[in-house]
Amino acid sequence: MNPRPPVAVITTISSDAHTWNLVYLQLVLEERGWQVINLGSCTPVALVADTLTAADVDLLVVSTVNGHGLLEVPSLLDAVSRVPVRARPPVVLGGKLNTRGEITGDEVRRLRDLGVDDVFVGERAVDAFSSYLSGFAAPLTATAA
């Protein structure tokens, strides 16, 4: 019997109505054998926490393109920190996190201090995210005997 594929929850912040980024990330993950729970746009913080508590999740992917990520992600991370440890996956963040478009090293350190495992921004974000995913065990597939 094959183990289950890794599971990722994809979400955005409550003020972000963009969906194309979430669909794209879902495809990136599914092409690598992941099962994806896509919570859609304008995701309430409570829904993210409830989903993590109810499902067996290996990774929380937060993507935002409205430029308010640095403002809203701390409350999301606070909610995630209250999820039981057994249900708390690594958290990665990417997209346009502020209205300037670039984030500083201090801002990345602050996000890491708040509980983000990795931050993916800029033109190499998707490549860096793909490399990050390679650190997870590849799902096994059935082989013919």
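Quick note: residue numbers are just sequence positions, from 1.
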In this structure, OG1 of Thr104 is separated from CZ of Arg110 (nearest 0.5 Å) by 10.0 Å
Taking Val28 as the starting point, is it possible to reach Ile37 by hopping between hydrophobic residues whose side chains are less than 4.5 Å apart? no
So do the side chains of Arg88 and Val80 get within less than 4.5 Å of each other, counting heavy atoms only? yes
Does the pair Leu29 and Arg32 meet the rule for a side-chain contact (heavy atoms from CB on, under 4.5 Å), with working shown? CA-CA 5 Å; Leu29 285 156; Arg32 287 160 179 77; 5.9 Å; no
Using 0.5 Å steps for rounding, measure from the CG atom of Leu52 to the CG atom of Leu47. 9.5 Å
Against Val73, only a single residue in Val119, Val91, Ile13 fulfils side chain to side chain contact (heavy atoms under 4.5 Å, CB included); can you say which? Ile13
Heavy-atom pair of closest approach, residues Glu107 and Glu102: OE1-O, 4.2 Å
Apply side chain to side chain donor-acceptor pair (under 3.5 Å) to residues Asn21 and Thr12 and explain how you reach the verdict. CA-CA 9 Å; Asn21 53 317; Thr12 191; 4.8 Å; no
Intermediate values then yes/no, salt bridge (charged side-chain N to carboxylate O under 4.0 Å, His left out), Arg109 and Asp106: CA-CA 5 Å; Arg109 279 187 289 285; Asp106 286 342; 2.4 Å; yes
Show your working on salt bridge (charged side-chain N to carboxylate O under 4.0 Å, His left out) between Asp118 and Arg112 and close with a plain yes or no. CA-CA 7 Å; Asp118 216 332; Arg112 289 180 186 270; 3.1 Å; yes
May I ask you to decide if Val7's main-chain N or O and Asp58's side chain share a donor-acceptor pair within less than 3.5 Å? yes
Leu76 vs Thr43, test: side-chain contact (heavy atoms from CB on, under 4.5 Å). Steps then yes/no. CA-CA 10 Å; Leu76 175 62; Thr43 314; over 6 Å; no
Given Val121, which of Leu93, Asn98, Val108, Leu97 fulfils the side chain to side chain contact (heavy atoms under 4.5 Å, CB included) condition? Leu97
Quick check for you: to the nearest 0.5 Å, what is the distance between Leu111 atom CG and Leu77 atom CG? 7.0 Å
Derivation and outcome, side-chain contact (heavy atoms from CB on, under 4.5 Å), residues Trp34 and Val61: CA-CA 12 Å; Trp34 287 68; Val61 180; over 6 Å; no
State the OG-CZ distance between Ser131 and Arg124, to the nearest 0.5 angstrom. 7.5 Å
Are Leu133 and Val36 linked, directly or through other ILVMFWY residues, by side chains that come within less than 4.5 angstrom of each other? yes
If you measure from CD1 on Ile10 to CG on Leu25, what distance do you get to the nearest 0.5 Å? 5.5 Å
Tell me whether Tyr132 is reachable from Ile103 by hopping between hydrophobic residues (I, L, V, M, F, W, Y) whose side-chain heavy atoms are closer than 4.5 Å. no
Considering all heavy atoms of both residues, which atom of Cys42 and which atom of Ala17 are nearest to each other, and what is their separation? SG-CA, 3.6 Å
Give me the atom names and distance for the closest heavy-atom approach of Ala87 to Thr53. CB-CA, 4.0 Å
Is there a chain of hydrophobic side chains (I, L, V, M, F, W, Y, each step under 4.5 Å between heavy atoms) that links Leu60 to Val45? yes
Looking at OG1 of Thr64 and CG of Leu22, how far apart are the two atoms once the value is rounded to the nearest 0.5 Å? 9.0 Å
When clusters are formed by joining ILVMFWY residues with side-chain heavy atoms under 4.5 Å apart, either directly or through shared neighbours, do Val126 and Phe129 land in the same one? yes
Can you check whether His18 reaches Asn66 side chain to side chain, under 4.5 Å on heavy atoms? yes
Tell me the closest heavy-atom pair linking Gly33 and Pro6, and the distance in Å. O-CD, 4.0 Å
